[in-house]
Amino acid sequence: MRLSKMFGKTLREVPADAETVSHQLLLKAGMVQQVAAGVYSYLPLAWRSLRKIEQIIREEMNAAGGQELSMPVLQPLEIWEESGRDFAFGKGLFTLKDRRDRRLVLGPTHEEVITDLARRNVRSYRDLPLMLYQIQTKFRDEPRPRGGLVRVREFTMKDCYSFDIDEEALELSYQKMKEAYRNIYARCSLEAVVVEADSGAIGGKDSHEFMVIAETGEDEVIYCGDCDYSANVERAECAKSHLEEEALLPMEEVATPGARTIEEVANFLGVTRDRTLKAVFYSADGELIFITIRGDLEVNEVKLRNALKCSELRLASDEEVKEAGLVAGSASAVGLKGIKIVADDSINLGQNFVVGANKPDAHIKNTNYRRDFKVDIITDIAQAEAGHRCPRCGGELRSTRGIEVGHIFKLGTIFSQKQAAFYLDRDGNQKPMVMGCYGIGLGRLLAAAIEQNHDEDGIIWPVPIAPYHVYLCALGVDDQQVVSVSEKLYTELEENGIEVLIDDRNESAGVKFNDADLLGMPVRLVVSKRALKSNSAELKMRRDRESELVPLDEVADRLKELLG
RNA sequence: CGGGGUGUAGCGCAGCCAGGUAAGCGCGCAUGGUUUGGGACCAUGAGGUCGGCGGUUCAAAUCCGCCCACCCCGACCA
């Protein structure tokens, strides 16, 4: 490709909107352009890179036994009602009506359609295992797109679905996919770590995310400094301290004027925060929920959402709290009626807690779960944080940020049950297929690759996903020899299967070098009067500082060797 | 949805507070010339619904109201 003809120009100044490195570089390099919030056009350079990523994924999916197909973006709302996920996705679902007023959705994912396909076509255990995938556009009406290509509303995703006869077979498919994913990231020269994850709106049991560690990542990863435990903070657990056993004491009301926060109450009464129970109020799909958790811990809203199985969850407003007759700052589950109570299991890890008295400026000492109050749900809803103890080995937990570049789930029979996707086993019994699903966001992968491979001058493409291999820089295009040699090299390299972007523009050396660094092709090859004096071209790897002179007739071989 | 911010040429910005000269600057773009190893220089030129609608006024980029778009934080989110 000739730079003089290529669509998409590099910018000297970065559009003010871009915050993250990958977003800035993608814009500055003229690779993407925003059309609306979270909606982008991919210009030729970005598209080439994306196609390479796509091909790598396709090859690995095929190698793992996947069969590629294509399902529609446009889907009837009914199948979403059938699975119940119109509710789970809520406002994230793009919906529309056709001319006959039929309600349609733009698919955010394809479990429903694939399950429908499976139930129509799979009859027998002999048809299983089955692994199907597609590389398709998804639509999600994200509340807030951000970070350039990291979180968008329209994006390309590889989504793969496995169908097995039982959990054991699913485990095999799952491991196969995990391996395929590792291969994909390795082939893209990306370092991705596997973490335990929440399965979110997709549903299901086990789930793992592949994270590219990056400061600008939108996910927080909790990991152990001593063992290999790592999990998305949404799902991460911690070993909660167990207070010393003591005899239950009678409840005692004490005046606590002005003390409202856990901090204030603990200080006022001279106890540590873990001797108190805090109260938090949420609104879950419009219903007010009372949450109680030990004072030294915070509520993890994802865990809470899962416990409640609700769609919309938010902190209750002051008005809602007041309306429910609750006394913010002095509330507790003691004597509370007519409101759903969810507790963190930490309320069991100690005795004689300080709680609110449900009237202003008063608290109750020596309160104990079961004896003094009951709850509707008790489970782990605590947020794990850096500094907490590892649930596996007791080591210290740490925190970092990452970009989620892949997510795999064991769905089990959630969809096959709801959508009646059954098969007949060896003994003639009807059973639901056991499913898994496996996604990779391509654009996000591209962004993550840039986050992980750049310097202050621009992108440093890993060879396998670089738009072109070589940036052939013809320096001094008014010199006949420079032009003829660089054109000859261009043709020769292309004939050898090397992808070349030739900078044939009439620009100064500075401009060309800067663009070469910005666009970040793995190899820069300079043809200039200076180099031609020794009948050579100057070769420099993007990631290196030094260049070397390579005799013209050896360039092609040298490059083949370098690009391997 | 809550909080904060921004909208003036392709990109980056000034002008707005305190209404009034002819809507400016840098980069980029076009033409000509001089340059040519790390974002050159000179000259000439093209390019604008000042986000939109309405209001106030003799007069609005500037003041007021409503709306829209986009960005950031939060909420939310494979």
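A note on names: the letters A, B, ... follow the listed sequences, proteins ahead of strands, and every chain is numbered from 1.
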Contact letters for nucleotides 26-34 of chain B, in which S counts primed atoms plus P, OP1 and OP2 and B counts the base, heavy atoms under 4.0 Å: BSS------

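Pair assignment for B:rG54 gives B:rC64, based on Watson-Crick or G-U wobble hydrogen-bonding distances that are each under 3.5 Å. Under the Watson-Crick or G-U wobble criterion, with both distances below 3.5 Å, B:rC70 is paired with B:rG5. The partner of B:rG26, taking Watson-Crick or G-U wobble pairs whose two distances both stay under 3.5 Å, is B:rC11. With a 3.5 Å ceiling on both atom-pair distances, B:rG19 lacks any Watson-Crick or G-U wobble partner. Across all strands shown, B:rU31 is found opposite B:rA43 as a Watson-Crick or G-U wobble partner, with both distances under 3.5 Å.
For the pair A:Gln33 CD and B:rG10 C1', the interatomic distance rounds to 9 Å; values are reported in whole Å. Separating the CG atom of A:Leu549 from the C1' atom of B:rG37 is a distance of 13 Å, rounded to the nearest angstrom. Rounded to an integer number of Å, the gap from A:Arg151 CZ to B:rC72 C1' is 16 Å. The CD atom of A:Glu218 sits 14 Å away from the C1' atom of B:rC73 (whole-angstrom rounding). Between the NZ atom of A:Lys540 and the P atom of B:rG38 there is a distance of 14 Å, given to the nearest Å.
With sequence neighbours excluded, the residues forming a salt bridge (charged side-chain N to carboxylate O under 4.0 Å, His left out) with A:Asp141 are A:Arg153, listed by chain and number. Residues satisfying the salt bridge (charged side-chain N to carboxylate O under 4.0 Å, His left out) test with A:Arg314, not counting sequence neighbours, are A:Glu320. With sequence neighbours excluded, no residue forms a salt bridge (charged side-chain N to carboxylate O under 4.0 Å, His left out) with A:Glu209. Scanning for ring pair (Phe, Tyr, Trp, His ring centres under 6.0 Å) contacts around A:His208 gives A:Tyr174, with sequence neighbours left out. The side chain to side chain contact (heavy atoms under 4.5 Å, CB included) check on A:Pro143 picks up nothing, with sequence neighbours excluded. In this view, A:Glu78 satisfies the salt bridge (charged side-chain N to carboxylate O under 4.0 Å, His left out) rule with no residue, not counting sequence neighbours. Under the ring pair (Phe, Tyr, Trp, His ring centres under 6.0 Å) criterion, A:Phe139 pairs with no residue at all, not counting sequence neighbours. Residues passing the ring pair (Phe, Tyr, Trp, His ring centres under 6.0 Å) test with A:Tyr185, sequence neighbours excluded: A:Phe210.
For A:Pro15, counting side-chain heavy atoms from C-beta on, the closest listed nucleotide (B:rC76, B:rC11, B:rG38) is B:rC11. Closest to the A:Thr10 side chain, of the nucleotides B:rU35, B:rG39, B:rA75, is B:rG39.
Relative to the six-membered ring of A:Phe513, A:Arg524 meets both conditions, a distance below 6.0 Å and an angle of at most 45° to the axis.
Side-chain N or O atoms of A:Asp455 include one that pairs as donor or acceptor with a backbone N or O of A:Asp457 at under 3.5 Å.
Between A:Glu218 and A:Arg151, at least one side-chain nitrogen of the basic residue sits less than 4.0 Å from a carboxylate oxygen of the acidic one, meeting the salt-bridge criterion.
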Sort me out a list of protein N/O and nucleotides 69-71 of chain B N/O pairs below 3.5 Å, or just none if empty.
from: B:rC70; atom 1: OP1; to: A:Ala37; atom 2: N; distance (Å): 3.0
from: B:rC70; atom 1: O2'; to: A:Asp17; atom 2: OD2; distance (Å): 3.1
from: B:rC71; atom 1: OP1; to: A:Gln34; atom 2: NE2; distance (Å): 3.0

Identify each atom pair where a protein N or O and an N or O of nucleotides 41-43 of chain B are less than 3.5 Å apart, giving names and distance.
none

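Using a 4.0 Å cut-off on heavy atoms, none of the residues of residues 69-83 of chain A approach RNA chain B.
Between A:Leu96 and A:Leu106, the closest side-chain pair of non-hydrogen atoms falls below 4.5 Å. Contact annotation: the side chain of A:Leu326 approaches that of A:Leu288 to within less than 4.5 Å [non-hydrogen atoms, C-beta and beyond]. With contacts defined as side-chain heavy-atom distances shorter than 4.5 Å, the pair A:Ser283/A:Leu313 does not qualify.
Between the side chain of A:Arg314 and the base of B:rC76 there is no donor-acceptor pair of N/O atoms closer than 3.5 Å.
Between A:Leu442 and A:Asp515, the residue anchored nearer the 5' end of RNA chain B, judged by the nucleotide with its closest heavy atom, is A:Asp515. Heavy-atom distances to RNA chain B give each of A:Val405 and A:Leu518 a nearest nucleotide, and the one nearer the 5′ end belongs to A:Leu518.
The side chain of A:Ser508 places an N or O atom within less than 4.0 Å of a non-bridging phosphate oxygen (OP1 or OP2) of B:rA40.
Atom CG of residue A:Leu104 and atom CG of residue A:Leu77 lie 8.0 Å apart, to the nearest 0.5 angstrom.
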